[in-house]
Amino acid sequence: MSTPITITLPDGSAREYPAGTTAGDVAASIGRRLAKAAVAAKVTSPQVSGEVDLTRPLDDGARIAIITDDSAAGLHVLRHSTAHVMAQAVTQLFPGAKFSIGPAIEHGFYYDFDLPDGRTFSDDDLAAIDARMREIISADQPFERAELTPVEALDVFADQPYKREIIERVRAAADAADDDLDRGEVAAGDVVSVYRNTPEFVDLCKGPHVPSTGRLGHFRLQKVAGAYWRGNEKGPMLQRIYGTAWESAAALQAHLEQLAEAEKRDHRRLATDLDLLSFPSELGGGLAVWHPRGAIVRKLMEDYSRARHERGGYQFVYTPHLSKSQLFETSGHLDWYADGMYPPMEMDNGTYYMKPMNCPMHCLVYRSRPRSYRELPLRLFELGTVYRYERAGTLHGLMRIRGFTQDDSHIYCAPEQASDEITSLLDFVLSVLRAFGFDEFTFNLSTKDPQKYVGADEDWDAATEALRRALDRHGLEYELKDGDAAFYGPKIDIDVRDAIGRTWQLSTIQYDFNHPERFGLEYVGADNARHRPIMLHRALFGSVERFFGVLIEHYAGAFPTWLAPVQVRVLPVSTAHEEYAEKVADRVRSAGGRVDLVGAGDPLGKRIRAAKLEKLPYVLVVGDDDVVAGTVGVNPRGGEVERGVDLGVFVERFADEVAFATAGALQA
RNA sequence: GCCCAGAUAGCUCAGUCGGUAGAGCAACGCACUCGUAAUGCGUAGGUCGAGAGUUCGAUUCUCUCUCUGGGCUCCA
């Protein structure tokens, strides 16, 4: 027998094992539960570093951590392995199918296929593929790893052109660093790793995988979609199947319920159900009309925004929706975003465009007269409606729309003021978002896209530094998004987490030294010399329409009382109580409440039900007792019914609740 | 823009193997006058998304367009 090897566990303890021991053996030696939950291992040794299969023999001196199925890394392995099973099922059911890539993604996996004769998948096909996958899982096929040279691998995948292309690319590009897609598919260097399940089915893959298909099973195939090979819209369109996979039936079930919950909250459905707005096809895609119920919420959002900006030292401006092309030539938008703008309108004295952004117009306001350093920072605010020609396939309810209104501000300041301004801006943004019920945020710092930028590198560096400093001053964690900046400068984007854990990108703070340059903006400094200001673009809601959509989903249509289209509904028990009900409604109305009344035509239970389906914050039921005592029966949304509440007491409580919610705007 | 799937009453959906359509809810009317999530009966409501083709006849089959949904790509 060869000499034993020493393995170090995550707690620092070292154990001895016979040579040839695998990560799976180590897991088994620690405990049955661990062995059962193990899907792969993370190993660091002189020879290997990274995630490996449980079946891989360990080297002497290796440090090892078992990856279990409920960890992020473990789920990734399960999903990736399930993707392989799906590919095998498809190649069996559709002879001649070519398979390309099949990674694990958040919550699941997908795999892209090219079916013979341009065939496409149907829903029936999905059911058949699902059934075949379950057979493969029952067969408990092993995932056997092999490492090949690229030449050998090309031979193995002789009839798989996409796999060959990946292998060729990896072989050709020693600098494959720019191609994450491919690196996920094969091992690094000049070794190509493959995983074989059966004599017939082998797939190119970096691994690791579960030891055998029997380890899988808690999955569901979800949908078929088209997807471009390598994401290139000029390339071939492949057939993609998405699925979700989890470590247990319970986790799968929980995820499916989460999806159902998200569907129930879909703002497009709720907008129809609650009569908030609609997208008439006569208008064209991505254009909405606001019904009274939606419009009142929007008005409240905008009123709140205006009140906050007024107190925040902003000055309000208005600018038109159209401009001659010259403006967008000056701003650079026609150079960079002509494709995203509505087509030009030729008119007698020139070419006009719908505005895709407000900033060029605001620059004209700035430039309308000489500016002094004493005016800076100059904060211009506008609820400015812009139009962008979003491609037809990208439109999505209020979330992606062609005409929308930005709560848009451009702050002109001296470069040395920028850092302070951004710092206080962050406070302002978060305070407004909190007022709408969001309290978890994530921050992204987007830096220069080397392919798409204007301006000097030193300016970019200084601007990025100013943003970074502001984030640091707040002690905020942020993610660096390399290359995600706008062409004119770096930015901070703020995402919020909603009630069911989804994140939405809403606010943005962008640093721009380019527009002031292009528009020749200046101010006279204390030194009596001319200086160039910098400009901060910022939006809190981003788009009022989109923000409204997010609010609908966040609250599932049950808006907080201060935002609810109808806050209080009064229901007389019978017609005899209608006169008193009118009095109650008047009283609530004069306290500023949005109130309505539904007479006793329908049974009370039916009227209550209707009010609940409309998600109204308060239903007031009034009957004989109330007429006599001057009270109301209060049925609050999500709470217990309270009979005999004094009308004055209810009105006071109600007014307090609304005042508290909007306190941020009312305080200085 | 590309791939796939759709579009029937205000909403959710059924149906027509080619002979111009039906339910539930909503609306309206009548009766009921009721104390906290669906009272009963009745009435009305549809160019079956738009246009063209095939056919004696098209909502149904074919094509084009528009819009919608899921993806891809894009997103100042």
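Letters go in sequence order (proteins before strands), and every chain restarts at 1.
When A:Thr120, A:Ile241, A:Val224 are each tested for a side chain to side chain contact (heavy atoms under 4.5 Å, CB included) with A:Phe113, only one passes: A:Ile241.
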N/O to N/O distances under 3.5 Å, protein versus nucleotides 35-37 of chain B:
from	atom 1	to	atom 2	distance (Å)
B:G35	O2'	A:Arg643	NH1	3.4
B:G35	O6	A:Gly623	N	3.4
B:G35	O6	A:Gly623	O	3.4
B:G35	O6	A:Asp624	N	2.6
B:G35	O6	A:Asp625	N	2.8
B:G35	N1	A:Gly623	N	3.4
B:G35	N1	A:Asp626	OD2	2.7
B:G35	N2	A:Asp626	OD2	3.1
B:G35	N2	A:Arg643	NE	2.8
B:G35	N3	A:Arg643	NE	3.4
B:U36	O2	A:Asn635	ND2	2.5
B:A37	O4'	A:Arg609	N	3.4

Mind listing the N/O atom pairs, protein and nucleotides 41-47 of chain B, below 3.5 Å?
none

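Scanning for side-chain hydrogen bond (donor to acceptor under 3.5 Å, both in side chains) contacts around A:Thr464 gives an empty result, with sequence neighbours left out. Judged as a side-chain hydrogen bond (donor to acceptor under 3.5 Å, both in side chains), and not counting sequence neighbours, A:Asp484 has no contacts. Checked against side-chain hydrogen bond (donor to acceptor under 3.5 Å, both in side chains), A:Trp460 has no partners two or more places apart in sequence or in another chain. Contacts of A:Arg607 classified as salt bridge (charged side-chain N to carboxylate O under 4.0 Å, His left out), with partners at least two apart in sequence or in another chain: none. Residues satisfying the side-chain hydrogen bond (donor to acceptor under 3.5 Å, both in side chains) test with A:Lys612, not counting sequence neighbours, are A:Asn635. In this structure, the ring pair (Phe, Tyr, Trp, His ring centres under 6.0 Å) partners of A:Tyr412, at least two apart in sequence or on a different chain, are A:Tyr366. A:Asp335 is linked by a salt bridge (charged side-chain N to carboxylate O under 4.0 Å, His left out) to nothing, counting only residues two or more places apart in sequence or in another chain.
Counting to the nearest Å, the C1' atom of B:G71 and the CZ atom of A:Phe109 are 15 Å from each other. Going from atom CD of A:Glu578 over to atom C1' of B:C34 covers 12 Å, rounded to whole Å. Between the P atom of B:U66 and the CZ atom of A:Phe279 lies a distance of 19 Å, rounded to the nearest Å. Taking atom CD1 of residue A:Ile105 and atom C1' of nucleotide B:G70, one finds them 13 Å apart after rounding to whole Å. Atoms CE (A:Met535) and P (B:A76) sit 16 Å apart, rounded to a whole Å. Here the P atom of nucleotide B:A38 and the CD atom of A:Glu614 are 15 Å apart, to the nearest Å. A:Tyr488 places its OH atom 5 Å from the C1' atom of B:A76, with the value rounded to the nearest Å. Taking atom CG of A:Asp602 as the reference point, atom P of B:G29 lies 11 Å away to the nearest angstrom.
Atom C1' of B:G69 sits at a distance of 31 Å from the matching atom of B:U54, rounded to the whole Å. Of the C1' atoms belonging to B:C41 and B:G57, the separation is 40 Å, rounded to the nearest Å. On the P atoms, B:G70 is 25 Å away from B:C63, given to the nearest whole Å. Of the P atoms belonging to B:G49 and B:A14, the separation is 14 Å, rounded to the nearest Å. B:G19 and B:A58 are spaced 10 Å apart, taking the C1' atom of each and rounding to whole Å. For the P atom pair drawn from B:U59 and B:G40, the interatomic distance equals 37 Å after rounding to whole Å. With both ends at atom C1', the span from B:U12 to B:U39 equals 23 Å, rounded to whole Å. With P as the reference atom, B:C2 and B:G15 are 32 Å apart, rounded to whole Å.
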### Message
What does the 5'-to-3' dot-bracket notation of RNA chain B look like when only Watson-Crick and G-U wobble pairs under 3.5 Å count, and pairs to other strands show as |?
### Response
(((((((..((((.....[..)))).(((((.......))))).....(((((..]....))))))))))))....
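One finds a salt bridge joining A:Arg119 and A:Asp125 here, because a Lys/Arg side-chain nitrogen approaches an Asp/Glu carboxylate oxygen to under 4.0 Å. In this structure, A:Arg400 pairs ionically with A:Glu390, as a charged nitrogen and a carboxylate oxygen lie closer than 4.0 Å. A salt bridge links A:Arg391 and A:Glu233; the closest N-O separation between the charged side-chain nitrogens and carboxylate oxygens is under 4.0 Å. Ion pair A:Lys448/A:Asp457 flagged as a salt bridge, since at least one NZ, NE, NH1 or NH2 atom sits closer than 4.0 Å to an Asp/Glu carboxylate oxygen.
Candidate nucleotides B:A76, B:C34, B:G71 were compared by shortest atom distance to the side chain of A:Pro603, and B:C34 ranks first.
Annotation: of the two residues near RNA chain B, A:Glu390 and A:Arg607, the 5′-most nearest-nucleotide partner is A:Arg607. The nearest heavy atom of RNA chain B to A:Pro356 and to A:Gly286 marks one nucleotide each, and the one closer to the 5' end goes with A:Gly286.
OP1 or OP2 of B:C75 has not a single side-chain nitrogen or oxygen of A:Arg400 nearer than 4.0 Å.
Using a 4.0 Å heavy-atom criterion, one finds that A:Gly332 contacts no nucleic acid atom at all. Backbone-only contact: A:Lys452 has heavy atoms under 4.0 Å from sugar-phosphate atoms and none from a base. Counting any heavy atom pair closer than 4.0 Å across all strands shown, A:His537 reaches no nucleic acid atom.
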### Query
How would nucleotides 1-7 of chain B be written as a contact map, 5' to 3', with B for base contact, S for sugar-phosphate-only contact and - for no contact, using protein heavy atoms under 4.0 Å?
BBBS---
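Annotation for A:Arg269: atom CZ does not count as buried by contact number, only 12 or fewer foreign heavy atoms lying within 6.0 Å.
The ring of A:Phe94 has its center closer than 6.0 angstrom to the ring center of A:Phe121. Taking the ring centroids of A:Phe109 and A:His80, they lie at or beyond the 6.0 Å cut-off.
Applying the 3.5 Å distance criterion, the base of B:C11 shares no donor-acceptor pair with the side chain of A:Arg269.
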Determine all donor-acceptor pairs shorter than 3.5 Å in which one atom belongs to a side chain in residues 289-296 of chain A; sequence neighbours excluded.
from	atom 1	to	atom 2	distance (Å)
A:His291	NE2	A:Ser278	OG	3.2
A:Arg293	NH1	A:Glu614	OE1	3.2
A:Arg293	NH2	A:Glu614	OE1	3.4

